[in-house]
Amino acid sequence: MLVLGIESSCDETAAAVVRDGREIFSSVISSQIKVHKRFGGVVPEIASREHLDKIVPVVEEALARAGVSARDVDGIAVTQGPGLVGSLLVGLSYAKAMAYALAKPLVGVNHIEGHIYSVVFENPPIEYPAFALVVSGGHTNLFLVPEPGRYKVLARTRDDAAGEAFDKVAKMLGLGYPGGPVIERLAREGDPRAVAFSVPRMGDGLPDFSFSGLKTAVSKYVRESGLQPVSAGEEPSRGVKDLAASFQSVVVRSLVGTTEKLAAQYRPRTLIVAGGVACNNALREAAAEAGARLAVPAYFPSRHLSTDNAAMIAAAGTVKLLAGERAGLDLNADVSLRLGNVDMDEDKARRGRARYKL
Ligand code: KG4
Ligand code: ZN
């Protein structure tokens, strides 16, 4: 089965052609990072306009690189939500028009479920029950996946997403946007024990994550220690590198510590770590070590599949198409689409605000 995937939920316009949900024929991603960079975060209105400019060439290029015509595909999978409404509508409208014009089956895919499927291309088949830790700029959720397509949230962030914390701390330190990659690079040269931040715990005893208190602790440390943020073109100081390493270390400990504790209770057979923050090598190493202690394989997507892409949407969509699922032309964007028992509403509302304000 040949599926065309289309993704436009945030600031990447992407299209991909995937065979049988596992083999990537093409994956084209047009990133808007440069356009949003000077605002320090994604500006929704600009994102929608960029998607409008890019959607046609991106889909055409994905088909051309795969060496197929739109008539050859067996179905179209498109991100339905969660995401920015104006951005989602561009991909959705295009996918619906294509499905109608070519009389192709159409399915809507949850973006977060797409991230989970990003590991299927380069790893052995997932054994269930699985754990899926999805960490990105907008989400931080640990799911129990008892079988394909069923999700239960075991832990979620109460405030900022992990990627958002990386972005905000980078901004405080004058390191620009997005923050994750630059913090990771500086952390390699810093001492993770230099500043003692503690892993946040919930007062109610639930295993949820929280990163906004940590962000405040970093800001307090910067203020009280007199640490100077990095100016453009300047080599970051030892203090900045140590702070980056200490911050990254506590985020990783929080994510992996909670995952490992819950894994001991639920005994998953696979550990999946996905989303933009899964690019982070410190997180990968810690999750792989936890997997080894639990005697379960840990799967990560490679870098180009960790951040937003359409191959993962096509893969998740293939499972739905094979199960006979079909969307009508009334398929609509859902900015707070749920996955399992989680209410993405709060996450997305926060993401829209937080990223705009960054
Ligand atoms: O999945 P993604 O591309 O978009 C969202 O759906 O949000 O994730 C982007 C997020 C950003 O917050 C970025 O700072 C973070 O992923 N990120 C990283 C790294 N690379 C990207 N965070 C930590 N370490 C990295 N190497
Ligand atoms: Zn994403």
Side-chain angles (χ1 to χ4, degrees), residues 5 7-14 27 29-33 36-37 40-42 44 47 79-84 87-88 91 109-119 132-141 157 160-173 175-188 211 214-215 244-245 247-252 254-256 272-287 300-313 316 335 337 339 344 347-348 350-356 358:
E7 152 68 34
S8 69
S9 65
C10 189
D11 59 341
E12 263 97 25
T13 320
S27 177
I29 303 169
S30 169
S31 170
Q32 305 175 1
I33 278 193
H36 298 287
K37 213 175 178 127
V42 176
T79 305
Q80 186 190 359
L84 301 167
S87 292
L88 287 164
V109 171
N110 184 307
H111 180 80
I112 305 302
E113 187 172 21
H115 272 299
I116 294 172
Y117 275 86
S118 66
V119 299
L133 178 65
V134 184
V135 251
S136 71
H139 302 278
T140 305
N141 289 300
T157 181
D160 293 352
E164 195 177 340
F166 270 94
D167 294 335
K168 287 179 176 170
V169 166
K171 183 161 195 183
M172 266 180 235
L173 298 176
L175 301 172
Y177 171 86
V182 53
I183 290 203
E184 177 176 10
R185 187 162 48 73
L186 297 180
R188 261 183 243 130
F211 297 105
L214 177 60
K215 175 192 66 192
F247 162 77
Q248 176 177 279
S249 149
V250 71
V251 172
V252 168
S254 162
L255 293 170
V256 177
I272 296 166
V273 184
V277 183
C279 288
N280 188 286
N281 278 315
L283 175 61
R284 284 175 182 240
E285 280 161 25
F300 313 93
S302 58
R303 265 155 213 284
H304 65 285
L305 290 163
S306 294
T307 47
D308 291 349
N309 66 86
M312 67 186 195
I313 303 301
V335 296
L337 190 62
L339 186 60
M344 295 289 175
D347 277 14
K348 290 323 292 180
R350 218 176 13 245
R351 175 186 186 167
R353 281 200 309 273
R355 300 200 111 193
Y356 188 56
L358 262 173

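When a ligand or atom number is given, it counts from 1 through the structure's own listing order. Being a predicted model, the structure only gives us computed values, none of them experimental.
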Tell me which one of D167, V251, T307 gets a heavy atom nearest to atom 12 (O) of ligand 1. D167
Can an N, O or S atom be found in H115 less than 2.8 Å away from the Zn ion (ligand 2)? yes
For G138, the ligand 1 atoms whose distance to one of its heavy atoms is below 4.0 Å: 7 (O)
Vertex the Zn ion (ligand 2), ends D308/OD1 and H111/NE2: angle to nearest 10° comes to 90°
Polar contacts were defined as any N/O atom of the residue lying under 3.5 Å from an N/O atom of the ligand; does this apply to F166 and ligand 1? no
Minimum side-chain heavy-atom gap F166-P181 below 4.5 Å: no
Atoms of ligand 1 close to H115 [distance to a heavy atom under 4.0 angstrom, numbered from 1]: 1 (O)
Distance in Å, N281 CG paired with F300 CZ, rounded so as to fall on 0.5 Å steps: 9.5 Å
Whether S136 side chain and G138 backbone form a donor-acceptor pair below 3.5 Å: yes
Show your reasoning for whether side chain to side chain donor-acceptor pair (under 3.5 Å) applies to Q248 and N280. CA-CA 9 Å; Q248 176 177 279; N280 188 286; 3.0 Å; yes
At what distance, to the nearest 0.5 angstrom, does NZ of K168 lie from OH of Y177? 12.0 Å
For G5 versus A310, what's the shortest heavy-atom pair and its separation? O-CB, 3.4 Å
Evaluate N280 for polar contact with ligand 1, using N/O atom pairs at a separation under 3.5 Å. yes
Counting from 1, what ligand 1 atoms have a heavy atom of E184 closer than 4.0 Å? 25 (C), 26 (N)
Minimal heavy-atom distance between S118 and L305, with the atoms involved, is CB-O, 3.4 Å
With heavy-atom distances below 4.0 Å as the criterion, list the atoms of ligand 1 near G179. 14 (O)
Option of least heavy-atom distance to atom 2 (P) of ligand 1 (set: V252, D11, D308, N309): D308
Between H139 and ligand 1, which residue portion shows a heavy-atom distance shorter than 4.0 Å: side chain, backbone, both, or neither? neither
Contact between S9 and S87 at the side-chain level, heavy atoms closer than 4.5 Å - yes or no? no
Just go through A278, G276, C279, C10 and tell me whose heavy atom is the nearest to atom 17 (N) of ligand 1. G276
